[in-house]
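For reference, the structure discussed in these notes is given below.
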Amino acid sequence: MDIDAGADDDAFEDARERVDRPMLRLFTEYGRGQRGAFAVGLVSSIAARMLDLLPPLLLALAIDAVIRQEAAYSLFLVPDAWIPPGQSARLWLTAGVVAASFGLGAVFHWSRNWGWNKFAQHVQHAVRTDTYETMQRLNMDFFADKQTGEMMSVLSNDVNRLEKFLNDGLNSASRMVIMVVGIATYLFVMNWQLALVALLPVPIIAVFTRRFIETIQPKYAEVRSTVGKLNSRLENNLSGIQIIKTANTEPYEADRVEDSSQDYLDANWDAIETRITFFPGLRLVSGIGFVVTFVVGGLMVIGRPPGPLTASLTPGQFVAFIIYTQRFVWPMAQFGQVINMYQRAYASAERVFGLMDTPGRLAEVEDAPPLEVTEGAVEYDDVSFGYDDEAVLSDVSFDADGGETVALVGPTGAGKSTVLKLLLRMYDVNEGAVRIDGQDVRDVQIQSIRRAVGYVSQETFLFYGTVRENIAYGSFDATDEEIVAAAEAAEADGFVRNLPDGYDTMVGERGVKLSGGQRQRIAIARAILKDPEILILDEATSDVDTETELLIQRSLDDLTADRTTFAIAHRLSTVKDADRILVLEDGRIVERGTHDDLLAADGLYANLWAVQAGEIDELPEEFVRRAVERRARTDADD
Ligand code: ADP
């Protein structure tokens, strides 16, 4: 088996290709709710940048009209009558207006930041929670083939990247547009000939930037893809650390991580090389433009405009021109950076929406009614099913009357868990139907099925939280008394009271470690508290010692007494009292009946029983041969 299988394809590639105009969607679906903040950001940006442009103009005025007194003194919007006559008074007035524009500018810069940040943070929050909710509803298939690292990377990196663009990117973009348009307009009004010279680099920068985008785009895609794989590898290794240690494969794993990290480094470096060449190049182009403007403008001031140019310039205008040109250069150079940010955000938006659009969700009939459980009768009507093309269940038919206990036994991989996943509607049948009290599970609300059917699995996952919270998980309004009563019924109360903080002991990934048997009793308490009409016990007592098993069995007997129960068990002793036993082999029911019926039939069950009861040493040749064949088939599949 190739353990690297699947690591080479980018899990979201298909999804990415299907997404149409992700940035537009981002703004229309998520930006809409934050229109106010967006407007504040935009209007403040315009106001702040306009105020930024004022000081050089006032400087020109001061030089030409106050210091050199070669031009008339007039202030925009201020009536001439208000302007004082003296030279120094005019200088003070000019300085006062400069100070005021800085003061007001600061206020607008504040509200600009407030607006853009509020917009970006809220959109980010909405996108993240929505993506998580969507992901949670996806079909189980999705989680089986997608790496959790990939998922984490969408939920954190990609969502953060969108926020960065919405904040920094929009901010820079608006500054760019305002500065470039504002300055260009002003330059043309002041001196169109020199303005033409100053704007000469613009088309060159445009072409240059376009080339850059085309080059960097595939490189960023590669970076995203390699970081996803690296995360998957790291995540996978951390969860498998015990196996790595016991298998002595630390050097092997270290090499594999190094390879993944090297791929990421290479991809990143490739992108970095392009990026770090681009920005200085851009600066160089704009710098040359600046020098040319300086020379041509200077010649105009001293009355000797070069070539066909005829315009003249005052010293004050020359200074303002130079300052503006310099201010102009930077936003132009930033153009590339904004595009860059946009490209990254675009890729992230594609991944986010790709995940959101994943069609893995089981379709729910519109206005489906909730499941109504009266008897708790379950019917499998000629059910066939496969996770992919290969059939896992074929022609499975059986009934369970309300209150009955049905046991499913058979070799590993026979399809026992799969049968019950269909009852919970984790998957849809390919043929036939599963009905609860006559209602096809496809025709009722999925949530109502999950409410009515309790599930205690072989592996009990404990959430990080207290024991109390873990027992009440899913029955959030249970009282303390009910929680304790459930724990007592599950024979868990005793050990819970001995934990350091009793019911308030933190358990789960970062909390106190519980043994398999203890976890299972918590899961059983959870099921008792939930009090579902139908119960699934998936090897519920597999993980415990014989003594605990007896205790659990006692509490389970109570729990299952008058509710429909499906129990999967390897140890046949735990199910021999079941009302009905179904023996599965290769996705088919090969035998059925009560324990006594099956013993009398002397088939697979009777032989398994004999082995487990120690009556015979091993299965008859025929069964062993079938088991070996089966193994060979599954191995070949892998
Ligand atoms: P059992 O519970 O009897 O051990 P399962 O129902 O778990 O058997 O598995 C039946 C078959 O379906 C096995 O061949 C198993 O490899 C396959 N299978 C189980 N889960 C999945 C899945 N999520 N995707 C693909 N195949 C699966």
Side-chain angles (χ1 to χ4, degrees), residues 130 132-144 356-387 392-406 408 415-457 472-478 523 526-538 559-560 562-568 579-580 582 587 589:
D130 247 27
Y132 174 74
E133 272 174 35
T134 315
M135 186 201 74
Q136 206 170 227
R137 282 200 306 268
L138 290 172
N139 200 337
M140 284 306 290
D141 277 349
F142 192 80
F143 298 93
M356 288 210 200
D357 293 349
T358 304
R361 268 176 276 178
L362 291 178
E364 200 170 61
V365 179
E366 214 170 306
D367 295 326
L371 172 72
E372 277 182 36
V373 185
T374 45
E375 306 288 316
V378 172
E379 179 191 6
Y380 278 67
D381 185 0
D382 226 354
V383 169
S384 297
F385 171 76
Y387 290 98
V392 170
L393 299 179
S394 318
D395 313 320
V396 171
S397 289
F398 64 89
D399 294 320
D401 294 339
E404 268 190 348
T405 294
V406 175
L408 286 89
K416 303 179 293 290
S417 305
T418 306
V419 168
L420 298 180
K421 282 183 202 158
L422 298 179
L423 180 62
L424 279 159
R425 204 174 170 218
M426 295 294 211
Y427 299 92
D428 274 340
V429 298
N430 297 353
E431 280 168 47
V434 178
R435 301 191 192 93
I436 299 175
D437 282 334
Q439 302 148 82
D440 192 315
V441 290
R442 285 168 296 188
D443 297 336
V444 295
Q445 284 170 17
I446 294 182
Q447 286 204 327
S448 66
I449 303 173
R450 312 268 162 90
R451 251 197 312 273
V453 183
Y455 180 72
V456 181
S457 75
Y473 192 80
S475 314
F476 298 109
D477 39 18
R526 203 184 272 169
I528 293 175
L529 192 60
K530 182 177 170 186
D531 195 22
E533 285 95 345
I534 298 170
L535 186 67
I536 296 176
L537 302 173
D538 190 347
L559 181 64
T560 62
D562 35 52
R563 71 185 91 217
T564 316
T565 304
F566 296 90
I568 298 182
D579 299 298
R580 219 177 277 239
L582 306 174
I589 299 179

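Note that the numbering runs from 1 along the sequence shown for the chain.
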* To do: Check whether any side-chain heavy atom of V419 lies under 4.5 Å from a side-chain heavy atom of F385, and answer yes or no.
  => no
* Any donor-acceptor pair under 3.5 Å linking the side chain of T565 with the backbone of R563? -> yes
* Structure fact -> A433 and D440 have their tightest heavy-atom pair at CB-OD2, 3.5 Å
* Structure fact -> For Y387 and K421 the tightest heavy-atom approach is OH-NZ, 3.3 Å
* Structure fact -> Taken to the nearest 0.5 Å, the spacing of E379 CD from Q439 CD works out to 12.0 Å
Review item, side-chain donor-acceptor pairs of residues 445-454, under 3.5 Å, at least two apart:
residue: Q445; atom: NE2; partner: A368; partner atom: O; Å: 3.1
residue: S448; atom: OG; partner: L371; partner atom: N; Å: 2.8
residue: S448; atom: OG; partner: Q445; partner atom: O; Å: 2.6
residue: R450; atom: NE; partner: L424; partner atom: O; Å: 2.8
residue: R450; atom: NH2; partner: L424; partner atom: O; Å: 3.3
residue: R450; atom: NH2; partner: R425; partner atom: O; Å: 2.6

* Asked: Between R580 and D399, does a salt bridge (charged side-chain N to carboxylate O under 4.0 Å, His left out) hold up when you go through it step by step?
  -> CA-CA 10 Å; R580 219 177 277 239; D399 294 320; 5.8 Å; no
* I534 versus L423: any side-chain heavy-atom pair under 4.5 Å? -> yes
* M426 CE to L420 CG distance, which is reported to the nearest 0.5 Å -> 11.0 Å
* Asked: Quick one: does S384's side chain have a donor or acceptor within less than 3.5 Å of a partner on S394's backbone?
  -> no
* Please walk me through it: do R435 and D381 pass salt bridge (charged side-chain N to carboxylate O under 4.0 Å, His left out)? -> CA-CA 8 Å; R435 301 191 192 93; D381 185 0; 3.3 Å; yes
* To do: List in chain and number order the residues that pass ring pair (Phe, Tyr, Trp, His ring centres under 6.0 Å) with Y132, two or more places apart in sequence or in another chain; answer none if no residue qualifies.
  => none
* Does T564 reach the main-chain N or O of G376 with its side chain, forming a donor-acceptor pair under 3.5 Å? -> yes
* Close side-chain approach of V396 and L422, heavy atoms under 4.5 Å -> no
* Parallel, tilted or perpendicular: ring planes of Y380 versus F398, cut at 30 and 60 degrees -> parallel
